[in-house]
Amino acid sequence: MAAIEVEGLCKLYRTRIKEEGLKASFRALTRPVYKEVKAVDNISFTVEQGEILAFIGPNGAGKSTTIKMLTGILHPSSGRLSVLGMDPATQRRRLSYRIGTVFGQKSQLWFHLPPMDSFVLLGAIYDIEKAVLKKRIDELAERFEIGDLLKTPVRKLSLGQRIRCEVAASLLHSPDILFLDEPTIGLDVVAKHRIRELILQMNREQGTTIFLTSHDTGDMEQLCRRAIVIDHGRIILDEPVKKLKYDYMNRKIIAVRFTGEYKLKEIDGITLEKSGRLGARLSVDTRVCSIDEAMRWLIAQGGVADITVEDPPMEDIIASIFEGGGQSLGGGR
Amino acid sequence: MHKHVVRAMNVFRLIGLYFKVNLASALEYRASFLLQAFGMALNNCSFVFFWYIAFSQIGGRIGGYDFNDVMFIWALCSSAFGASHILFANMNSITRIIVSGELDTFLLQPKDVLVSLLCSKTSLTAWGDFLYGFILMALTHGGDAQAWSMFLLGIAIGGLLMTAISVTAHTMTFYLGDASLIGSMALEFVINFCIYPEGIYRGVVRVLMLSVIPASFIVHIPLKLARHFSPGLLLLLLTVSAAYCCFAYVFFYRGLKRYESGNLIIARM
C-alpha cells in the first residue's frame, strides 16, 4: 500500500525582481515587476509503506519545498498529494499525529532545557497519555542511548547527541512516516554512522516509512534502496540506489598527505586531480580500481602520513547524470 | 457547543503547559531572571514619582482623574502588559518567526498554530511589569474589592487586547514581506494612549480610542467600571474585546495561507 502518492505536483513562488541601484529601487516602489519561479515543477512519484526513500539533489533543487508540501507546511500551486490517505493541505492537523519530522536545521527541543522537558511538552502536544509517554521515552532512551542525556540542557549537548534527541523527539508519538530533512548535516563521521544505524533499526523493527532528503551521498548509499534525484524542481532520476551507485557514484576522492617530497605515477583508474608539495588529491574510478587496490598502491609509494577517503559532492553526481553517464566521473576530468 | 468547550479547554491546557516549560527555561538563569524582573519594577516606579509631582503641583484632578485613578490605569496597563508578555512573549517576534521559517515547527504540530507560536516564549522583564501593577494597586486602592475585581478582569482583557494588536500588526508580514516596524510600533502606540487620563483626549482621538486604537477598552472603561459598576458597560467591554481577538485570529489564519517557509538555522530558546 502506498504511504505517499504525488501526482503532477507544482509549487510556484512569485518573487519581486529589481534592477540594481537607487533609481531602480524607487521605480520598484511604484511599478514592481514580479517573476514566477517554479520551485517544484510537475513531479510525480509513489512511496510504499515501510520503504526508505532518498530524495536527493543539490541546494535549491526543490527538496525542502517538496517535503514541506508533503507535511502540510506549504500548499501546492497545483497537482495532487496524498499522505497516508490524507491531503496535507486540508488535513494538516490530523496528519501531524501520524508523521514525524526532523529538520537538521530546525530544532524542536528547548535550547536551555534538558530534552526530558521538551519530551514531556511534546507528549502533551500529541495527546499521549502520561503512562504511555513514560514507557515510550524509556524505550527511545534505551534505543538511542540518550538515557544519560535526558537531564542535560540541550545547549550542553554535542551536535550528534542533539540530533539523536531530535530524532527520538520526533518518534514519541510513533509516527507511520518519518520525514528527515538533512538529518546528518554538520555531523562528524561517527555521529553520522550512528544516526544512520538508528534510522535503519527503526525502519526494520517498526516498519516506519522514511522519506529522507539529503545532499550527502553517504546517507543515500547506506540507508536507501531507492533514490529520487531532483534538480531545478524536476525529477531527473528515479531508480534503485544500487543502479545509481553503479552508473553514477563510481568515483571516490582520496586526499593524501606525505611525510616528505613524493612522486606519483598515475595508474589505470586513478587520476591525479591536484598536487602540492606534501599532499595530493586523487580521483579513483571504483569500476576500474577498487578502494582496497588504490590504498595498497598508495601505501606502496611510501612516506604516507595521512589518508582521507571522501565521496564526490552531490553537485558532481547531478552533473554526471545530466551528462548522461558515469564516464565523466570515473575517468577523471 | 460541547466541541467548542473542549477546544477552549485544550487551548488553556496548552497555554499552561507552555507556561511551565517557559518558566523552567527562564529559571535556568535565576540571577538574570530576578535582576530583570526587579529592574523593570524599579524602572516603572519612576513614573509614579512623576505623577505624584504633577498632582502636587497642579492639585485636584487632571483630565477628570485624581491621583488614584491615574495609578489604577498605570497599574492595569503594566500588569496587562506583563501578563500578555509572560504568556505570549512571542507576540513581538511574529515577523521574525514568519520570515525565518520558524513557523514550520508549529505547523508540524497538531495544536493551534497561533496559540503555540505565541505561548512558546516568555519575557523575564514582564514579571516585573506584572508584579508592579499589583504593588501599585495595593498601595493606592488597599482593600477596595470593586477596584480589585475590575483590575483583575482588566488584566485578562487588556492582556488579550494587547496580544491581538501585536498579532494583527505582525500578520501584515504575510502581505508586506516584513512588518517588523509596524509590529514593534503598534503596541507602543496604543500604550501611549493608555497611560494618560481619558479626559485629555477629545474629538476624533476619543473616537479612535474606542475603535481602531482600543486603548479605552484596555484601561479607561475598566476604571469606569471600578468607579461605578454597570452591567451594560461590562457587556460592551467583553463584546468589543472578543471581537478584537476574533479579528486578530482570523486575520492571522488568512495570512497564514500566504506563508512561504524560509530555511534559516533555528534553535528554540
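Just so we're on the same page: letters track the sequence lines, and every chain starts at 1.
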Between A/Lys11, A/Arg94, A/Arg155, the one whose heavy-atom pairs under 4.5 Å with chain B are most numerous: A/Arg155

So, for B/Leu107 and A/Ile73, which heavy atoms are closest and what is the spacing to 0.1 Å? CD1-CG2, 3.9 Å

Can you tell me if CZ on A/Arg80 sees more than 12 non-hydrogen neighbours from other groups inside 6.0 Å? yes

Checked A/Pro153, A/Gly72, A/Ala124 vs chain B; the most non-hydrogen pairs under 4.5 Å come from A/Ala124

Supply the atom-to-atom distance A/Leu122 CG to B/Gln109 CD, rounded to the nearest 0.5 angstrom. 6.0 Å

Determine the minimum heavy-atom distance between A/Leu74 and B/Glu260, stating which atoms define it. CD2-CA, 3.9 Å

Scanning both residues in full, the closest heavy-atom pair of A/Arg93 with B/Pro110 reads NE-O, 3.4 Å

With respect to chain A, which residue among B/Leu256, B/Val21, B/Val113 yields the maximal number of heavy-atom pairs within a distance under 4.5 Å? B/Val21

Chain B shares the most heavy-atom pairs under 4.5 Å, among A/Thr65, A/Val120, A/Asp127, A/Ile125, with A/Ile125

Could you measure the distance from the NZ atom of A/Lys68 to the OH atom of B/Tyr259? Nearest 0.5 Å is fine. 6.5 Å

State the CH2-OG distance between A/Trp110 and B/Ser120, to the nearest 0.5 angstrom. 5.5 Å

May I ask you to decide if B/Leu108's main-chain N or O and A/Arg92's side chain share a donor-acceptor pair within less than 3.5 Å? no

B/Thr105 OG1 to A/Phe103 CZ distance, which is reported to the nearest 0.5 Å: 8.0 Å

